[in-house]
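All heavy atoms count here, side chains included; hydrogens, waters and symmetry mates do not. Just so we're clear, the structure is a prediction, and the values are computed from it rather than from any experiment. Protein chains get the first letters and strands the later ones, always in sequence-line order, with residue 1 at the start of each.
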Number of protein chains: 2
Amino acid sequence: MSETAPWLDDEEMTSWLSVIGVVMRLPSALDGQLRRDADLNYFEYGVLAALEHAEEQTMRMSDLAFVCNGSLSRLSHVARRLEGERLIARYACPTDGRSTLATLTDGGRERLATAAPGHVRLVRSLIFDELDRDEMRQLGDLAKRLLTRIQT
Amino acid sequence: MSETAPWLDDEEMTSWLSVIGVVMRLPSALDGQLRRDADLNYFEYGVLAALEHAEEQTMRMSDLAFVCNGSLSRLSHVARRLEGERLIARYACPTDGRSTLATLTDGGRERLATAAPGHVRLVRSLIFDELDRDEMRQLGDLAKRLLTRIQT
DNA sequence: TCCATTTCGTTGAAAGTTCAACAAATACTA
DNA sequence: TAGTATTTGTTGAACTTTCAACGAAATGGA
């Protein structure tokens, strides 16, 4: 990435603006519904949802941060808030003294149940109602390849 | 959007997780380079870039907010900062007393020139180096359709 | 073993964003 | 045209995220 790269041409720019438009606007669209329905933002929802799907409904903080696509610091602050609301609990990892394990509480499960139906409906209405199965698969495959690069 | 929607099946979920992964991680990847190279975040860069491409390098605040995919309030705060650094200037619109016009200054143009090469290189390395022309067109078309729904 | 390095998580402060309230100007309508 | 509603933009407070610094625990060589 050291040599001078050419600028984007018109066609590239058009595509890029659509992509970045989705990237910039989707989070606030999702946050809005979650805030109204369950007083959560998407990152908080993601934390609860990730824990629900995890074995024992428990994950290490750093793994949780990774699957939630956020920094460990961000997760740490959010975990403090969620713990304050008794939606998750944290305790020291018995096998690695550096690690902290986070687990979903009953309250967290309930809150997730409050948020989820509206969230799924919204995601359907914004994404899956617009794209058919094949298109969605294409989008997912392209996004997966980009994600590999971004995640470095 | 009122009836109970079915949950996402495995294939849908896999695609969705890739999409949301890009949505969540791309902004911080872009912010990092811009902060290092030119002490800007992506939203600020977008404001300067939008003005540069505008006629007279000038836009109404609310139009600017729209093309930058942000709220007017967010833009207003950012504009105050950018104006403080003399990267943009604001003045009342002569034809509509409610409106404010923002325009790029020489300093703003210079800052953009500092930021742009690295930014374009990064976007190329993350996006265009991974996808060929045809794939990028596909992605752009799919994203454009989603954007239409999200932008309501 | 000992020491340097890395990993893990938290913290407080700084920076940024959202939200609700507001004022000013324009547009609408009866 | 008077009164109401809408559009536009700003503001301050509350909230969230980032950044850099830190301590504790584990790892890896010499």
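- The side chain of A:Asn41 lies closest to D:dT17, out of C:dT11, D:dT8, D:dT17.
- Comparing D:dT8, D:dT10, C:dT17 by their closest approach to the side chain of B:Met61 singles out D:dT10.
- At a cut-off of 3.5 angstrom, counting only N and O atoms as typed in the model, there is a donor on one side and an acceptor on the other between the side-chain of A:Ser73 and the base of D:dC19.
- Look at A:Arg86 and A:Glu110 and you find no salt bridge, because none of the NZ, NE, NH1 or NH2 atoms lies under 4.0 Å from a carboxylate O.
- Within a 6.0 Å radius of CG in A:Asp132, more than 12 heavy atoms belonging to other residues, nucleotides or ligands are found.
- The side chain of B:Leu72 approaches D:dT8 more closely than any other nucleotide in the set C:dG9, C:dT17, D:dT8.
- Spacing between atom CG of B:Leu101 and atom P of D:dT8 amounts to 13 Å, rounded to whole angstrom units.
- In this structure, B:Asn69 atom CG and C:dT18 atom P are separated by 12 Å, rounded to whole Å.
- Atom CD1 of residue B:Ile127 and atom CG of residue A:Leu146 lie 4.5 Å apart, to the nearest 0.5 angstrom.
- A cation-pi arrangement is not found for A:Arg149 relative to B:Phe128, the charged atom failing to lie both closer than 6.0 Å to the ring centre and inside a 45° cone about the ring normal.
- Position along DNA chain C of the nearest nucleotide to A:Asp96 versus A:Ser28 favours A:Asp96 as the more 5'-ward residue.
- For B:Arg98, the side-chain atoms get nearest to D:dT8 when compared with the rest of D:dT8, C:dT18, D:dT27.
- Judged by distance alone, with hydrogens and angles left aside, B:His77 brings a side-chain donor or acceptor within reach of the base of D:dG12, the pair sitting under 3.5 Å.
- Each of A:Ser76 and B:Phe43 was matched to the nucleotide of DNA chain C holding its nearest heavy atom; the match closer to the 5' end belongs to A:Ser76.
- Remark: P of D:dT16 and OH of A:Tyr42 are 17 Å apart, rounded to the nearest angstrom.
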